[in-house]
Amino acid sequence: MADISLTLPDGNQRSYPAGVTGAEVAADISKSLAKAAISCSIDGRHSDLSQPINADAAFAIHTIKDEAQALELIRHDTAHIMARAVQELWPDVKVTIGPVIEHGFYYDFDRAEPFSVEDLDQIEKKMREIINRRDPVTTEIWERDRALKHYEANNEPYKVELVGMIPEDQAIRMYWHGHWQDLCRGPHLVHTGQVPADAFKLMKVAGAYWRGDSARPMLQRIYGVAFRNKDELKAHLTMLEEAEKRDHRRLGREMDLFHMQEEAPGQVFWHPNGWTIYTTLQDYMRRRQTEGGYVEVNTPQVVDRKLWVASGHWDKYQENMFIVEVDEEHAREKAINALKPMNCPCHVQIFNQGLKSYRDLPLRMAEFGSCNRYEPSGALHGIMRVRGFTQDDAHIFCTEDQIESETRIYIDFLASVYRDLGFEKFKVKFSDRPDKRAGSDEVWDKAEAALKSATIATGYEFELNPGEGAFYGPKLEFVLTDAIGRDWQCGTHQVDFVLPERLDANYIGEDGAKHRPVMLHRATLGSFERFIGILIEEHAGRLPFWLAPRQVVVAAIVSDADDYVRDVVAALKARGIRAEADIRNEKINYKVREHSVGKVPVILACGMREVGERNVSVRRLGDKQTSTASLDEIVNALAIEATPPDLARRA
RNA sequence: GCCGGUCUAGCUCAGCUGGUAGAGCGCCUGAUUUGUAAUCAGGAUGUCGGGGGUUCGAGUCCCUCGACCGGCACCA
């Protein structure tokens with residue numbers, strides 16, 4: 001057989017007979033490498049060591065030190081080992097799929113009995129046994145029919161379905177360790193003993209629909225995490241504990257920001273502290289939008305069904321609307337209204353008042369629009385996914401030609417807002433045309449191209465979400481991440497060709513004829529509720545000074561300083577700073593601790609020394625050290641610090 | 001909405017196989033005048049998520065409804 005030439009990462013070339021395996025190459029290089037090898041890359045394609053190599057290639061051996069490859073293999077094989085453990089414990093359980101995910105893996109099972117927490121312990125134990133057996137991993141390529149017959153004979157209906165789904169031109173790879181078999185494209189470790197037995201943990205059980213389809217049976221999914229060693233696992237678990245402390249639901253209680261209760265699921269009771277954040281944020285957004293050329297409007301909450309029928313919501317969105325029936329006096333039929341789930345139809349009503357000229361476009365119409373949506377109960381999550389919320393919504397009425405420039409202007413606007421609020425980074429997702437859509441392909445081409453080029457022009461990279469656009473137009477989504485890594489869409493920017501048509505919006509063009517405007521739906525924070533949730537988690541409750549609900553506490557060390565404390569508070573308040581006095585009969589240690597836990601950014605302590613010298617002892621949240629400042633100094637400094645970023649820029 | 005779990009004082013939680021509720025923190029009262037992350041002593045906490053059932057007796061067992069938590073599905 002002809003020789004092939006493999007180029008190693010150090011540039012050296014070695015030649016081997018065609019069909020040589022990665023394992024053989026590793027053994028040829030050195031005995032220790034052969035032992036440490038877990039997989040290889042052939043022309044950059046990650047592959048297992050048993051794979052024959054038939055052509056010249058760039059070649060690299062991987063060991064556990066290669067983090068990306070090692071983690072992929074460990075997580076992948078741990079998933080298989082878990083599935084095997086489950087089937088060894090409960091032979092009647094049907095296996096399905098088990099991919100690698102961030103930090104670990106999951107595997108979906110079909111089992112009549114639910115898995116309990118105790119079961120997880122048992123499975124983990126069995127997994128360690130399997131790892132200790134050090135069974136070699138083998139794979140074979142089978143004929144499709146043989147694989148189908150095999151799974152039919154073994155009563156594995158999900159595998160039968162999976163084999164059927166593999167495209168004709170792809171090989172059916174059968175995979176074993178010990179006597180246990182699975183369908184898998186690989187790559188895999190050399191033997192099960194290469195999985196670290198002390199660096200994985202099964203985390204939780206959850207329901208998951210077979211193939212993600214809610215019409216299909218619900219399977220049981222076991223999630224696990226897996227790492228290269230015990231320390232990495234421990235670090236991950238510590239990170240999760242830390243993240244839990246940043247949870248906005250916990251901080252919301254600890255900082256007395258808001259609460260929620262059974263009588264109003266998915267709706268927020270804002271307490272004074274939380275509402276201060278909300279209104280401060282709203283004031284900021286109002287200034288920014290005014291500066292950005294928006295006009296602000298306000299529209300009704302309860303709107304007759306007629307409008308929702310006309311807008312199309314009654315058809316497409318009814319399940320998510322709160323319907324309000326009213327017995328109007330003398331009426332034969334009850335009037336049927338809905339709480340508005342969106343502001344767009346109402347904004348078109350304002351646009352439609354009087355004639356609009358092309359000179360009025362682009363018309364940027366903003367509303368802090370209070371919306372209600374009947375979200376499925378399982379979707380609710382703290383204040384991040386709620387049924388009652390307020391959007392910083394706006395609709396830009398413009399011409400097709402203006403889509404690109406309006407998009408560009410908007411992305412710059414959004415990025416600047418996010419920066420002011422402490423988010424330097426955010427993801428942009430671009431969703432293009434779905435299968436079911438309104439409007440011609442030419443119009444879609446134009447709109448998609450406009451969104452893309454505008455995004456690129458502003459210097460942001462986007463991820464493509466193919467086919468995820470709304471039926472009425474493509475969209476950009478601006479995504480932020482919460483404390484435990486879950487993504488939340490906050491900002492959105494969507495092109496809409498349909499609503500202006502349905503609600504008969506038009507303007508008089510240069511040619512004197514009527515034309516249809518395009519609508520751009522856009523929201524920056526998304527909803528105040530969600531954004532504040534993200535803000536709390538991002539800052540772990542330590543909000544920037546200008547947003548902090550309680551900015552300064554002035555604490556007396558002895559009660560003889562009480563009068564001076566009141567003076568200090570008055571001086572701060574006179575400059576618009578949110579300050580309060582703490583003249584309770586408690587030790588300064590106690591007060592410092594309590595306000596630190598409450599995330600108050602600045603504590604000014606006053607004892608008799610400060611009274612005498614008319615200064616204060618300044619303690620910043622998180623600092624161990626204190627400093628001393630004169631009263632005038634600190635009031636000025638804090639007044640500057642309390643200035644919202646947009647006003648600070650103007651000053 | 002679906003699967004699983006949870007629901008006991010304001011908060012965090014204990015309460016064994018059924019015998020009418022506990023701790024710490026917080027709160028209230030008093031003492032203490034305190035120098036930068038919890039001063040001491042005393043006191044009160046409650047329809048054990050709602051409703052129904054089994055039982056002589058239910059926080060504990062069963063049914064049902066609700067909310068919450070974690071996923072899944074959904075997210076114009």
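Note on naming: letters A, B, ... go to the chains in the order of the sequence lines (proteins, then strands), and numbering restarts at 1 for each one. Only heavy atoms go into these numbers, but all of them, side chains included; no hydrogens, no water, no symmetry mates.
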Using a heavy-atom cut-off of under 4.0 Å over every strand shown, decide if A:Lys475 touches base, sugar-phosphate, or nothing.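 It contacts sugar-phosphate atoms only.
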What does A:Ala208 touch in the nucleic acid at a heavy-atom separation under 4.0 angstrom: a base, only the sugar-phosphate, or nothing?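 It contacts sugar-phosphate atoms only.
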Taking only side-chain N and O atoms of [X], does any of them lie within less than 4.0 angstrom of OP1 or OP2 on [N]?
X        : N      : answer
A:Arg619 : B:rA37 : yes
A:Tyr317 : B:rC75 : no
A:Arg584 : B:rU33 : no

When the [atom1] atoms of [N] and [M] are considered, how many whole Å apart are they?
N      : M      : atom1 : answer
B:rU17 : B:rG4  : C1'   : 26 Å
B:rU20 : B:rA58 : C1'   : 9 Å
B:rA9  : B:rA14 : P     : 12 Å
B:rC72 : B:rC16 : P     : 35 Å
B:rA67 : B:rG57 : P     : 32 Å
B:rG49 : B:rG42 : P     : 31 Å
B:rU12 : B:rA31 : P     : 33 Å
B:rU45 : B:rC13 : C1'   : 16 Å

Distance in angstrom units between [X] [atom1] and [N] [atom2], rounded:
X        : N      : atom1 : atom2 : answer
A:Tyr106 : B:rA73 : OH    : P     : 8 Å
A:Glu468 : B:rC74 : CD    : P     : 9 Å
A:Tyr223 : B:rG4  : OH    : P     : 16 Å
A:Ile222 : B:rG4  : CD1   : P     : 14 Å
A:Lys429 : B:rC75 : NZ    : P     : 14 Å
A:Phe109 : B:rC72 : CZ    : P     : 16 Å

Detail all sub-3.5 Å separations between protein N/O atoms and N/O atoms belonging to nucleotides 38-42 of chain B.
| residue | atom | partner | partner atom | Å |
| --- | --- | --- | --- | --- |
| B:rA38 | N9 | A:Arg593 | NE | 3.4 |
| B:rA38 | N7 | A:Arg593 | NE | 2.9 |
| B:rA38 | N7 | A:Arg593 | NH1 | 3.4 |
| B:rA38 | N7 | A:Arg593 | NH2 | 3.4 |
| B:rA38 | N6 | A:Arg593 | NH2 | 2.3 |
| B:rA38 | N1 | A:Arg593 | NH2 | 3.4 |

Return yes if some donor-acceptor pair links the side-chain N/O of [X] with the main-chain N/O of [Y] below 3.5 Å, else return no.
X        : Y        : value
A:Asn337 : A:Leu339 : no
A:Gln87  : A:Val93  : yes
A:Tyr410 : A:Ala523 : yes

Counter-base of [N], judged by Watson-Crick or G-U geometry with both distances under 3.5 Å:
N      : result
B:rG70 : B:rC3
B:rA31 : B:rU39
B:rC11 : B:rG24
B:rU54 : none
B:rG49 : B:rC65

Take the angle between the ring planes of [X] and [Y] and call it parallel below 30°, perpendicular above 60°, tilted in between.
X        : Y        : value
A:Trp270 : A:Trp275 : tilted
A:Tyr107 : A:His80  : perpendicular
A:Phe322 : A:Tyr374 : perpendicular

Does this structure show an ion pair linking [X] with [Y], if we count only N-O contacts that are shorter than 4.0 Å?
X        : Y        : answer
A:Glu406 : A:Arg364 : yes
A:Glu241 : A:Lys245 : no
A:Arg111 : A:Asp119 : yes
A:Arg516 : A:Asp504 : yes
A:Glu161 : A:Arg211 : yes

Run the salt bridge (Lys or Arg N to Asp or Glu O under 4.0 Å) check on A:Arg246 and A:Glu244 step by step: do they pass? CA-CA 5 Å; A:Arg246 303 164 72 115; A:Glu244 210 173 295; over 6 Å; no
Nearest to the side chain of [X] - [options]?
X        : options                : result
A:Pro376 : B:rG1, B:rA37, B:rC75  : B:rG1
A:Lys204 : B:rC74, B:rA37, B:rG71 : B:rG71
A:Val558 : B:rU33, B:rG71, B:rG1  : B:rU33

Tell me which of A:Glu610 and A:Met218 sits closer to the 5' end of RNA chain B, going by the nucleotide each one is nearest to.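 Final value for this comparison: A:Met218.
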Of A:Phe115 and A:Arg385, whose nearest nucleotide on RNA chain B comes first from the 5' end?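 Looking at RNA chain B, the more 5' nearest nucleotide goes with A:Phe115.
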Whether the A:His259 and A:Gln261 side chains hold a donor-acceptor pair (N or O, under 3.5 Å, no angle test) is what I'd like checked.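 Yes.
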All N/O contacts under 3.5 Å from nucleotides 5-11 of chain B to the protein, with atom names and distances to one decimal?
| residue | atom | partner | partner atom | Å |
| --- | --- | --- | --- | --- |
| B:rC11 | O3' | A:Arg253 | NE | 3.4 |

Check the interface with nucleotides 65-68 of chain B: list each N/O to N/O pair with the protein under 3.5 Å, or write none.
| residue | atom | partner | partner atom | Å |
| --- | --- | --- | --- | --- |
| B:rG66 | O2' | A:Glu262 | OE2 | 3.0 |

